[in-house]
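Remember, it's 1-based here, ligands and their atoms both numbered in the order they're listed. Every heavy atom of this structure was used, including side-chain atoms; hydrogens, water molecules and symmetry mates were not.
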Amino acid sequence: MGERETWTTRIGFVLAAIGSAVGLGNVWRFPFQTSANGGAAFLIVYLFAVLVIGLPALLAEFVVGRRANTSAIGAFRALGRPAWWVVGATGVFAAFWTLSYYSVIGGWVARYVAGSATGTALAAPEAYFGAVSAGLPAVGAHAVFVLITVGIVALGIEDGIELATTVMVPSIVALLIGLAAFAATLPGASEGYAFFLTPDFGTLAANAVTVLPDAFGQALFSLSLGFGVMITYASYLGADDSLPVDGLTIAVANTFVGVLAGLVVLPLLFAQGVPAGEGGPGAVFVAIPTALAALPGGGLLGRIVGIVFFGVVFIAALSSAISLLEAAVAYLVDSYDLERAPTAVGLGAVVFALGVPSALDTAWLDWFDGIAVTLLLPVAVLSLVTFVGWVLGRDAIAEFRTGSGVAALAPAWLWVLRTVVLLVVVVVVALNLHDLFLTPETGYYVVPEPLR
Ligand code: TRP
């Protein structure tokens, strides 16, 4: 077996992990979740969720990956706890499962870049979304997106993922700042900011029972936890990195991009008088194009801003997708000594096939998404936190301290993981399972209604 690859620079690892974390969730969920649940008041809760729950869990994945030096499934044997491989397998399965529909959405986004350029996406947004989001064209766009993802992963850690994300992540931030600056010039922008961030502790308190678990769930999802992705990325690290410092950088940057996306999306919608709605695909693929079409300049300005906006979303989706594929590729490469490029191609073919139902009908996409986000993700995070907190124990502390500038925090971290994080994740899992299996309207235990 050849020597295992590593990141060439520390910043390369940090950018790759930010690229994984920054994705569709930052653009189509976070801004709308914030505005609907008390603005800046929600932001405080979310920051708490990120720093007290998300960050310790992220560090748990980093500790496992760097110490084991192998994929998220092989890691547990490498750490001398082979029976726990199921935890990693659940995560990698979830990553693979998620990629199948994430890349369908990536395909839509690519079509929206093109549709902005030609103007068709802005001329009749609802009709365009209908044409793009389901059926054979969506299958084709899905194939293209998978192909690009495979191409980057096939090139390896240094020449593929690190190189790509080193370009992509700074581009996302720079372009979003540009878009936010442009949005600030629009009349009505200030109402958008007010809608986004005006603190409303009353709304937050009144809905705390649902808002708090949602905030915690979003923090875990947004940091790409549970899917073995952060374990895999950390497995390519050397011993001289400070995991806590890198983890904090990633968590802060990811939140920053979410806020930045809100500073683009909400002023844009408000300036054009388009209802902000609840976020999700309707917001990004229908409301935004509607707002873009209403910009002055006879449509040309809207098309240019559209290309940039959907370009950003495309890059964000792609830099997440490559991490999802890498989790599975790393497993086969590490454990079976397979060649990286053909492995990436083979897995890409399976991901493509698995995503075909989601590309043909959005009801399938919702079903795949529901299983991934409400079932696989929290269960995987719960089992990983249990493993690191209660099984790995002293080894976890030692790994946390290695290269760390804040070694003294190691015991505090482990105790937070064992208690607060574990408790919160148990509650999130319990609520999700309740929704999933006991609530007919939200249950995913049945095939989606339109397909029955
Ligand atoms: N964090 C991504 C987003 O906000 C979505 C995501 C969840 C993800 N888990 C992941 C991306 C694992 C890559 C890997 O859109």
Heavy-atom donor-acceptor pair, Thr255 side chain to Ala251 backbone, under 3.5 Å: yes
Sub-3.5 Å N/O-N/O distance, Ala21 and ligand 1: yes
Min N/O separation Gly25 to ligand 1 under 3.5 Å: yes
Ser323 and ligand 1 - part of the residue with a heavy-atom distance under 4.0 Å: side chain
Atoms in ligand 1 flagged as close to Ser20, the criterion being non-hydrogen separation under 4.0 Å: 1 (N), 2 (C), 11 (C), 13 (C), 14 (C)
Val153 backbone acceptor or donor facing Arg340 side chain under 3.5 Å: yes
Leu377 N/O under 3.5 Å from ligand 1 N/O: no
Lys/Arg N to Asp/Glu carboxylate O, Asp395 vs Arg81, below 4.0 Å: yes
Taking atom 14 (C) of ligand 1 as the reference point, the nearest protein heavy atom with its distance: Leu324 CD2, 3.1 Å
Ring centres under 6.0 angstrom apart (Tyr112, Phe285): yes
Residue and atom name of the nearest protein heavy atom (relative to atom 10 (C) of ligand 1), distance in Å to one decimal: Ser224 OG, 3.4 Å
Geometric N/O contact Ser222 with ligand 1, under 3.5 angstrom: yes
Smallest separation among heavy atoms of Ser320 and Ser20, with atom names: OG-O, 2.9 Å
Within-shell test, Phe30 vs ligand 1, heavy atom, strictly < 4.0 Å: no
Short side-chain donor-acceptor distance under 3.5 Å, Arg4 and Ser235: yes
For ligand 1, the portion of Phe221 having any non-hydrogen atom under 4.0 Å away: both
Validation row, ring centre Tyr101 to ring centre Trp364 under 6.0 Å: no
